[in-house]
Number of protein chains: 2
Amino acid sequence: MEEIRVGGMYFSLDLSLPLYEQVLEQVRSSIAKGEIALGDKIPSVRELAQALKINPNTVMRAYQELEREQLTETRRGQGTYITSDIAKVDLIRYRVADKAIEEFLSKMTGLGFETPEIDKLLRIKRGEAHE
Amino acid sequence: MEEIRVGGMYFSLDLSLPLYEQVLEQVRSSIAKGEIALGDKIPSVRELAQALKINPNTVMRAYQELEREQLTETRRGQGTYITSDIAKVDLIRYRVADKAIEEFLSKMTGLGFETPEIDKLLRIKRGEAHE
DNA sequence: TAAGTGTATTAAGTGATATAATACACTTAA
DNA sequence: TTAAGTGTATTATATCACTTAATACACTTA
């Protein structure tokens, strides 16, 4: 899986998910991890599209979702910038995490696993010694 | 969200995911949780389709995947039965769980969370009243 | 003015999903 | 033997999400 570096971020696309979702997730991840600084400019729609060899409309879709989440601010004619408001970043981080946790626990419960065993499986997966 | 009882199992379909995936997941969950006994017969393709008001081909697709996973055995002319081999059920249970755990941890890591905080968030989520 | 921004529109193609209508081989029970 | 109920296969059709393509427009900056 080829990894492409654009504007301080790394992208790696495949066919497992919609392209716009992958772009969205990878930018969001870069922001959450602090790999790209608050207030920084991210690549233009056209630049990123060209680098990733996908259509500008597809990049647009990802960028629009980022702005809806208030993770970015767009200035017409200038470009798209990461928000400078760290509170907004944190809010999104926890909101997305909360959803992931909910889905995870729901899935495990659906498989008949309960708290102690879920914790045990998590520890095993991390390579930790168990109980 | 309407809940429909068919052949000892409960089904609840919506538009958030493909129908065949929802049917597949809900039968798998019933088996994993032991809500339906090993060796039991599950509803016929036509019966389930009629009860859920979906196309028989859609049910077929779910049933074929269940058989590929060896969670069910089909006897031509008779019907579809839950496997009697508890080892197979457990294998699938842990395989699916492992995938869920991997995806969950990967998502949380992508958001910049590490082990201690992930555990903390899990504890918080369980302390809340949900569902 | 020219180049680079974000944004909008229209058109087209592809693939997954779902439905519909039929048909066939098999099993069971009447 | 027959009829009804199984799983299974096939073909056709429709819809929708996703993606690409080609333009066009308004704005900002150098």
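Proteins come first, then strands; the chains are lettered A, B, ... in the order of their sequence lines, and each starts at number 1.
A distance-only check finds a donor-acceptor pair linking the side chain of A:Ser29 to the backbone of B:Gly110 [under 3.5 Å]. No side-chain donor-acceptor contact under 3.5 Å links B:Glu3 to the backbone of B:Tyr10. A donor-acceptor pair under 3.5 Å links the side-chain atoms of A:Arg93 to the main chain of B:Leu111, judged by distance alone.
Distance OH (B:Tyr20) to C1' (C:dA18): 11 Å, rounded to an integer number of Å. Rounding to whole angstrom units, CD1 of residue B:Ile54 and P of C:dT19 are separated by 6 Å. The distance from atom CD of B:Gln22 to atom P of C:dT17 is 12 Å, rounded to the nearest whole Å. Remark: C1' of C:dA16 and CG of B:Leu15 are 15 Å apart, rounded to the nearest angstrom. Rounded to whole Å, the distance from CZ on B:Arg61 to P on C:dT19 is 12 Å.
Side-chain contact between A:Val45 and A:Tyr63 is present, with at least one heavy-atom pair separated by less than 4.5 Å.
Protein chain B touches strand DNA chain D; the 5'-most and 3'-most nucleotides with an atom under 4.0 angstrom of its non-hydrogen atoms are D:dG5 to D:dT10.
Of the two residues contacting DNA chain C, namely B:Asn55 and A:Asn57, the nearest-nucleotide position lying further toward the 5' end is that of A:Asn57. The residue among B:Gln64 and B:Ser44 whose nearest nucleotide of DNA chain D is located toward the 5' end is B:Ser44.
No more than 12 heavy atoms of other residues, nucleotides or ligands sit less than 6.0 Å from atom NZ of B:Lys99.
Nucleotide D:dA30 is matched to C:dT1 when pairs are restricted to Watson-Crick or G-U wobble geometry with both distances under 3.5 angstrom. For D:dA3, the paired base is C:dT28 (Watson-Crick or G-U wobble, both distances below 3.5 Å).
Within residues 65-83 of chain A, the residues approaching DNA chain D are A:Arg76, A:Gly77, A:Gln78, by heavy-atom distance under 4.0 Å.
For A:Arg68, the salt bridge (Lys or Arg N to Asp or Glu O under 4.0 Å) test picks out A:Glu65, with sequence neighbours left out.
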From CA spacing to verdict: side-chain hydrogen bond (donor to acceptor under 3.5 Å, both in side chains), B:Ser16, B:Asp14: CA-CA 6 Å; B:Ser16 68; B:Asp14 55 48; 2.6 Å; yes
Hey, mind stepping through B:Phe104 and B:Met108 against side chain to side chain contact (heavy atoms under 4.5 Å, CB included) and telling me if it holds? CA-CA 6 Å; B:Phe104 170 65; B:Met108 294 301 285; 3.6 Å; yes
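Ion pairing between A:Arg28 and A:Glu69 holds under the 4.0 Å rule for side-chain N and carboxylate O.
Looking at heavy-atom distances under 4.0 Å, A:Arg46 makes contact with a base.
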